[in-house]
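Presented below is the structure to which this report refers.
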Protein chains: 2
Amino acid sequence: MRTPTDAQLRYLIAALEHSTWAEASAVCGVSASAFSQGLAALESRLGLPLFEARGRSRVPTDHAQAIARHGERILAELARLDDYATEARDGRRGVLRAGMIDTAAIHHFGESLVRYRRARPDVELRLTVAPSAELIDAVVAGDLDFAIVVAPEPSDELSIDVVLDEPLRIYPPPGTADGIDRDPARWGPWVTFPSGSRTRQIIRSALSRSGAHFDVVAESSQPAVLREMVRLGMGWTVLSAVDAETEPHALVALPGEPLALRTLATIRRPTAPMGKTTQALLDDLG
Amino acid sequence: MRTPTDAQLRYLIAALEHSTWAEASAVCGVSASAFSQGLAALESRLGLPLFEARGRSRVPTDHAQAIARHGERILAELARLDDYATEARDGRRGVLRAGMIDTAAIHHFGESLVRYRRARPDVELRLTVAPSAELIDAVVAGDLDFAIVVAPEPSDELSIDVVLDEPLRIYPPPGTADGIDRDPARWGPWVTFPSGSRTRQIIRSALSRSGAHFDVVAESSQPAVLREMVRLGMGWTVLSAVDAETEPHALVALPGEPLALRTLATIRRPTAPMGKTTQALLDDLG
DNA sequence: ACAATAGTTCAGTGTTGCTTCACAACAAGC
DNA sequence: GCTTGTTGTGAAGCAACACTGAACTATTGT
């Protein structure tokens, strides 16, 4: 014995709400014949009489009432599922697992995130802030829908879209003699990101291109910590301007061109379809 | 866009519960092919990605989880409907609208009714106690599933099954002279049922066959009232033994054969299918 | 390289739900 | 009575659907 169709339950409810089946079938948008057959099928599936012949019309049995109540609940649940699907389809509902490096989350896209939360309160936004390498692993593993990281090498496992290039500038400790920027050989020593860091690689190669030594005396993955160490005179650093030049205790960069550009990119797994929740945030970032 | 099938929801839930689809499809009792197609159909109906290719297995998306929860509720409601149907099919659940004349309800079938309520607590038993004519109308109108009444004339609108014949005996007031039973001409006057009553017709024709006058000095539809009037000496009556001879204040019948037999029968509308709830009570009465 | 595993695609099949048309039962009119 | 309109049912045909079995692709383990 098969389970009742949602159409059949709709027929039953309509039959109880209207005095005549012709009327009810019209409301359901099917022919009177289909309506009649549908109710007959429902009766046989349930194994219960739902209507009783009385003259030329049908009178519902007590079972019909009880079953219609069950039917209403079932249809209500189906409608809730449909509502969910509709909201999820256009990204008003769902889960969005985002990853960002700290600079992106705080300085570049903080506002976007706030806007997004306000615009889509039913989206469960889970933000992971971590270094690029960690975020890349998480994206590849499928633990994140996307991440904004320092652009990695192209790879089959990632689709990469550049979102912005930010300047990395050199920040000497306060009180460093003027004119020293002319002679890279006298730069340093350095406080910078830990050795696994992608930004550290960029810095190291840029410095070596400039002819500077890269002798590291202190490490931290936190820009704020590096800035403070420079302020205390422990050494020089290279940071993005937004990290170094924010109050309190803003640093002052060596004048001239930036040492290098750091490219930030969104990364996603190319095999995973992009959900509308993700889409919407990425659109806003661009 | 059509609504999801219950089978498709079952597939989704199974897919989330088992590590491999082959296993899940086996649990659902369908081929891996049908399973895969079913989930694909569900995805397209909802317009949402439910699974994501990862190596050679599929990983559910966040939507899949949420939708499965909705699906569980829908299936639970369907199961409740099915439970209702199962119980209703074998008469453990539903409504039973019964009618009985007072004598039947109190003396003949009171025990049956009590037994029935105890055996089938989920059946909503609605008992109407009224005179035969009224019950017959109610049955014909479809307001009662069946009734036990004084057997009426055969009719197209009723199916009639005799359940018992009960003796109607003559009850004189206390202190009536012995030997008077030999002379029907000296019987009476009478207190008896109102003129519309079926039992009164039986009594009148039986008395006239015996050669007695049928002069009525008081009427009531309630046997207990008639009995009391006889006890107070207002006149004679004819009652079924169970009504007249119960304590307190039992009457004593004229000796000899009963005046007449009153036939009680169950009546039903022949066009209405007999439900199991009705069936069960009628079986018990027999 | 090879076989085993996981899931998909394809063609074919039976069932279902629908439509249209014809029909039976009934009520109300003349 | 006869006719007419209404209400619901049955039959034939059709399109959609869910299923199966077999061939197929892609991934993983050895």
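Predicted model only: the values in this text are computed from it and were never measured. Each chain gets a letter, A, B and so on, in the order its sequence line appears, and its residues count up from 1.
Judged by distance alone, the side chains of B:Q37 and B:S33 do bring a donor and an acceptor atom under 3.5 Å apart. One side chain, B:T5 or B:R45, offers a donor N or O that lies under 3.5 Å from an acceptor on the other. A donor and an acceptor atom, one from each side chain of B:R97 and B:T128, are nowhere located under 3.5 Å apart.
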(message) For A:R126 and A:E124: C-alpha separation, side-chain torsions, deciding distance, then whether salt bridge (charged side-chain N to carboxylate O under 4.0 Å, His left out) applies.
(response) CA-CA 6 Å; A:R126 301 186 195 144; A:E124 192 179 335; 3.0 Å; yes
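A nucleotide of DNA chain D counts as in contact with chain A when one of its atoms lies under 4.0 Å from a heavy atom; the first and last such, 5' to 3', are D:dG5 to D:dA11.
Counting only distance, with no hydrogens or angles, the side chain of B:D145 and the backbone of B:A98 share no donor-acceptor pair below 3.5 Å. At least one donor-acceptor pair closer than 3.5 Å links the side chain of A:R198 to the backbone N or O of A:A151.
One interatomic measurement links the two molecules: CZ of A:R58 to P of C:dA24, which rounds to 16 Å at whole-angstrom precision. Atom CG in B:L39 sits about 10 Å away from atom P in C:dG7, given to the nearest Å. In this structure, A:L9 atom CG and C:dG17 atom C1' are separated by 15 Å, rounded to whole Å.
Using a 4.0 Å cutoff on non-hydrogen atoms, the parts of residues 10-37 of chain A near DNA chain D are A:T20, A:W21, A:A22, A:S33, A:S36, A:Q37, ordered by number.
The shortest distance between the side-chain N/O atoms of B:R54 and the OP1/OP2 oxygens of C:dA6 is not below 4.0 Å.
Within 4.0 Å of B:R45, counting heavy atoms only, lie sugar-phosphate atoms of the nucleic acid but no base atom.
Between B:Y84 and A:H70, the ring-plane angle classifies as tilted under the 30° and 60° cut-offs.
Across B:L164, B:I101, B:I148, a single residue satisfies side-chain contact (heavy atoms from CB on, under 4.5 Å) together with B:H108, and that is B:L164.
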